[in-house]
Amino acid sequence: MITEHLALWGAITGTIGTIAGIVNLWLRFKQHNLDKPKLVCIADFQFYDPSTPTHSLVAINGGKRPITIDKIKYYINPPSWKLKIIKSRSHKLHGFSYIQKTRKLTIEEGQNKAFNIDIPNGLPIHNIYKVSFYDQTNKEWHVKWPRTSKLKKLTSQELIHEREITSDNLTTIMKGWRLGNSYYIELITNSDTESSKNSKKFYRNLTSVQYDNIIATLE
């Protein structure tokens with residue numbers, strides 16, 4: 001009888017020990033994942049005015065360790081469809097990429113940093129299909145980058161209104177643009193009299209509703 005009780009107790013304590021070991025292993029695994037570096041990278045497409053795009057990349061450190069950015073790599077679509085089929089091999093053999101060096105900027109835990117998109121003149125931004133950050137350990141962090149069709153819309157501009165309004169010795173030239181997903185209005189007023197000064201007025205980062213309302217009041 002005593003032997004059976006001891007055997008049962010041994011089985012119970014053995015099971016408890018096994019469960020405790022599994023729980024401890026899981027906690028260590030969870031802590032390891034929490035301690036790992038984590039960088040979330042997004043693209044932000046904006047315009048200050050029709051001639052000044054302010055597109056940028058934002059890196060957000062969501063991990064527990066500082067991350068030092070070494071460079072940004074832009075992957076460019078190969079010019080021919082044959083090379084596009086084997087993109088990875090094309091990059092190794094022919095390049096089709098551009099490296100933007102950074103100043104080894106360190107992003108601390110919970111911080112975010114913005115980097116201006118700086119690509120060579122003559123390289124259309126919609127020819128870029130992938131972007132990655134590289135840290136000092138050469139680890140690649142992918143940027144959430146839009147597809148080509150959406151990228152063209154986000155980085156394009158279009159003059160959609162242009163009108164000259166004359167009233168009381170004042171001539172106002174009104175121009176309205178779509179800049180990516182936002183809208184922009186420029187008003188240049190010229191006076192025919194010396195007592196009045198010429199002026200400029202700008203409306204930036206408008207929604208489509210705001211744009212339509214301002215245009216309606218001006219017309």
Side-chain angles (χ1 to χ4, degrees), residues 12-48 52-78 84 86-120 123-155 179-182 204-205 207:
I12 292 173
T13 55
T15 302
I16 292 173
T18 301
I19 293 173
I22 293 172
V23 170
N24 183 56
L25 184 63
W26 178 78
L27 290 173
R28 290 174 61 186
F29 177 76
K30 184 178 180 181
Q31 185 62 43
H32 173 73
N33 283 339
L34 289 174
D35 290 342
K36 288 197 306 184
K38 181 182 179 182
L39 199 67
V40 178
C41 310
I42 59 175
D44 183 37
F45 302 99
Q46 302 288 337
F47 289 84
Y48 180 74
T52 313
T54 56
H55 310 321
S56 63
L57 303 172
V58 181
I60 306 162
N61 188 347
K64 297 291 185 180
R65 299 179 183 178
I67 298 174
T68 299
I69 302 300
D70 183 58
K71 61 187 177 184
I72 303 168
K73 187 173 184 178
Y74 300 89
Y75 293 83
I76 303 166
N77 264 319
K84 287 179 181 178
I86 50 171
K87 281 183 180 178
S88 59
R89 183 170 175 79
S90 297
H91 286 302
K92 291 178 181 179
L93 296 178
H94 306 288
F96 299 127
S97 63
Y98 173 73
I99 301 295
Q100 176 183 335
K101 296 296 291 183
T102 66
R103 294 178 296 174
K104 297 191 183 302
L105 188 67
T106 298
I107 307 174
E108 301 292 340
E109 174 190 348
Q111 287 187 340
N112 65 79
K113 298 291 183 182
F115 300 78
N116 291 332
I117 293 178
D118 186 11
I119 57 177
L123 172 61
I125 193 170
H126 59 260
N127 280 3
I128 296 168
Y129 73 92
K130 187 174 78 169
V131 181
S132 295
F133 282 92
Y134 284 82
D135 62 22
Q136 277 192 310
T137 66
N138 207 37
K139 179 176 175 59
E140 183 177 14
W141 302 91
H142 297 294
V143 175
K144 187 177 180 181
W145 192 254
R147 292 181 178 272
T148 301
S149 57
K150 186 176 182 180
L151 182 60
K152 285 182 178 179
K153 172 74 181 299
L154 291 172
T155 58
L179 304 177
N181 275 344
S182 63
R204 295 185 170 90
N205 296 322
T207 65

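Contact detail for Asp135 and Ile67: the closest heavy-atom pair is CB-CG2, 3.8 Å. Nearest approach of Cys41 to Trp141, heavy atoms of both residues: SG-CB, 4.0 Å. Minimum interatomic distance between Ile125 and Leu151 (heavy atoms only, all atoms of both residues): O-CD2, 3.3 Å. Pairing each heavy atom of Ala59 with each of Phe115, the nearest pair is CB-CE1, 4.3 Å. Residues Asn127 and Leu123 come closest through the heavy atom pair CB-CD1, 4.3 Å. Summarising the geometry of Leu57 relative to Trp145, their closest heavy-atom pair is CD2-CZ3, 3.9 Å, with the distance given to 0.1 Å.
Taken to the nearest 0.5 Å, the OG1 atom of Thr155 stands 7.0 Å off from the CZ atom of Phe45. Atom NE2 of residue His126 and atom CG of residue Leu154 lie 13.0 Å apart, to the nearest 0.5 angstrom. Rounded to the nearest 0.5 Å, atoms OG1 (Thr52) and CZ (Phe47) are 10.0 Å apart. From Ile119, atom CD1 reaches atom CD1 of Ile72 across 11.5 Å, with rounding to the nearest 0.5 Å.
Here the side chains of Lys113 and Ile60 are not in contact, with every heavy-atom distance at 4.5 Å or above. Residues Asn138 and Lys71 form a side-chain contact, since some pair of their non-hydrogen atoms from C-beta on lies under 4.5 Å apart. Looking only at side-chain heavy atoms (C-beta outward), Ile117 and Tyr74 come within less than 4.5 Å of each other. Side-chain contact between Gln46 and Asn205 is present, with heavy atoms from C-beta onward closer than 4.5 Å. Residues Asn116 and Thr54 have side chains not in contact (no heavy-atom distance under 4.5 Å, counting atoms from C-beta outward).
In this structure, the side chain of Gln100 engages the main chain of Asp118 through a donor-acceptor pair within 3.5 Å. Distance alone, capped at 3.5 Å, places no donor-acceptor pair between the Gln136 side chain and the Lys104 backbone. Distance alone, capped at 3.5 Å, places no donor-acceptor pair between the Ser56 side chain and the Ala114 backbone.
A centroid separation of 6.0 Å or more is found between the aromatic rings of His142 and Phe133.
Residue Lys130 places its NZ atom among more than 12 non-hydrogen atoms of other residues, nucleotides or ligands, all under 6.0 Å distant.
Tested against Asn61 for a side chain to side chain contact (heavy atoms under 4.5 Å, CB included), the candidates Ile107, Thr106, Val40 yield a single pass: Ile107.
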